[in-house]
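Residue numbers start from 1 in every chain, and the chains themselves are labelled A, B, ... in the order their sequence lines are given, proteins ahead of strands.
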There are 2 protein chains.
Amino acid sequence: MAKANLHPAPIEEDSDIERLLGYNLKRAYMIVRDDFRRQVEQSILSPRAFSVLTLIVETQGLTQSDVARKLGIERSGLVAIIDDLEGKGLAQRRAVPGDRRSQALMATAQGCALHSETMARVDAHEKALLAPFTPAEREQFLALLRKFRAAHEEEDT
Amino acid sequence: MAKANLHPAPIEEDSDIERLLGYNLKRAYMIVRDDFRRQVEQSILSPRAFSVLTLIVETQGLTQSDVARKLGIERSGLVAIIDDLEGKGLAQRRAVPGDRRSQALMATAQGCALHSETMARVDAHEKALLAPFTPAEREQFLALLRKFRAAHEEEDT
DNA sequence: ATAAATAATTTATCTAGTAAACAGTATTGT
DNA sequence: ACAATACTGTTTACTAGATAAATTATTTAT
């Protein structure tokens, strides 16, 4: 146990990338995503499926295009998510009277129930993640994130 | 153009998910990542490759395991990245005198050059993204992200 | 009537990241 | 000295998430 310590992995806390916004955002997002998975995905829903279900519970009758626009994802990616939600009895596609191209998305009673149960767990898991912050910091953190998004999401719809 | 407006996509700005930390972090990260790609990837480097190159430029001689630990990714995922950097003449694997398992990662002169050129572009692109913020807000934003990471990344390593 | 636009879908492709198993090497305990 | 254990880099296979192009059915505009 004498010599082999030639590459001791300095672990300086202040590499250049530690100062970059993108790197910090990515790591922070990964923390939340992983925690979400541990806490919530047991309850059937992936992060994406949860966000979709939330939208259609809140606003019954949105079309898939509406949801895709709101979430900033492609319509094509939504098909599988809706298939999944529908297969689990959480949501339904229904014909829209005025437009036979569109499908109105409706959450079932079961979907609403799972959503509120899951939302409670999500709130709890986020509260735990934000525990190291003071209430003022929590406000600031979310306010800054929202301001950042607002400044850059305007250009697209 | 009279009747078909049955699903007007309400676009209320305040869905429940808009209040969630995870959702806001994800959208914010996507903004930065997409912008990074537009600005930087033209210059050969993906976000991941850039972060790896940065580390080994700053600390020549890190092993792959060191880098994986620092970046919080799997060693297996690093292999392709190093292969790529090596193939482009930006980095090299070298034998470590004391340990024949490890490979010391060294950035080439070309790698150092590309790194500093790219870092300049990254700084510029981040400065532009943070332009909507006041200097105080910028400080706060990064400080909060770092505090958040520090509070949750301690357990692993 | 015809052209252009839209909604949902299918297919293929890409990136990122994870997990498991492997061979070679090193360290530790006895 | 030897056996058990652990670590390094690697391969392979797999998953998730996202994107892009092409397709069909339908609607709107001219």
Calculate the interatomic distance between [X] atom [atom1] and [N] atom [atom2]; express it in whole Å.
X       : N      : atom1 : atom2 : result
A:Glu74 : C:dA7  : CD    : C1'   : 13 Å
B:Arg33 : C:dT15 : CZ    : P     : 12 Å
B:Gln92 : D:dG9  : CD    : P     : 16 Å
B:Leu78 : D:dT8  : CG    : C1'   : 12 Å
B:Ile73 : C:dG17 : CD1   : C1'   : 9 Å
B:Arg27 : D:dA18 : CZ    : C1'   : 13 Å
A:Asp34 : C:dA19 : CG    : C1'   : 14 Å
A:Phe36 : D:dG17 : CZ    : C1'   : 15 Å

With a 4.0 Å cutoff (strictly under), does any side-chain N or O of [X] reach OP1 or OP2 of [N]?
X       : N      : answer
B:Arg93 : D:dG9  : no
B:Arg37 : C:dA16 : yes
B:Lys26 : D:dA16 : no

Electrostatic pair A:Glu18-B:Arg149, nearest N-O below 4.0 angstrom: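 Counted as a salt bridge, because a side-chain N and a carboxylate O are separated by less than 4.0 Å.
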Residues A:Lys88 and A:Asp84 bridged, charged N to O under 4.0 Å: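 So A:Lys88 pairs with A:Asp84 through a salt bridge.
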Looking only at the side chain of [X] (C-beta and beyond, no hydrogens), which of the listed nucleotides [options] gets closest?
X        : options                : result
B:Val79  : C:dA8, D:dT10, D:dG17  : D:dT10
A:Gln64  : D:dT12, D:dG9, C:dA8   : C:dA8
A:Asp99  : D:dG17, D:dT27, C:dA16 : D:dT27
B:Gln103 : D:dT26, D:dT10, C:dA8  : D:dT10

Parallel, tilted or perpendicular: ring planes of B:Tyr29 versus A:Tyr29, cut at 30 and 60 degrees: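 Plane angle under 30°, so parallel.
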Aromatic ring pairing B:His125/B:Phe36, orientation class (parallel under 30°, perpendicular over 60°, tilted between):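 The rings of B:His125 and B:Phe36 stand perpendicular, inter-plane angle above 60°.
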B:Arg75 side chain to B:Arg69 backbone, donor-acceptor under 3.5 Å: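 A pair under 3.5 Å: no.
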Residue whose closest nucleotide on DNA chain C lies nearer the 5' end, A:Ala104 versus A:Met30: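 Checking each residue's closest nucleotide, the 5'-ward one belongs to A:Ala104.
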Residue closer to the 5' end of DNA chain C, A:Arg101 versus A:Asp83 (nearest nucleotide):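 Taking each residue's closest nucleotide, the earlier one in sequence belongs to A:Arg101.
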Is the base of [N] touched by the side chain of [X] through a donor-acceptor pair closer than 3.5 angstrom?
X        : N      : value
A:Thr63  : C:dA8  : no
A:Ser65  : C:dA8  : no
A:Arg75  : C:dA7  : yes
B:Arg100 : C:dT25 : no

Heavy-atom side-chain proximity of B:Asn24 to A:Leu144 below 4.5 angstrom: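 No, side chains not in contact.
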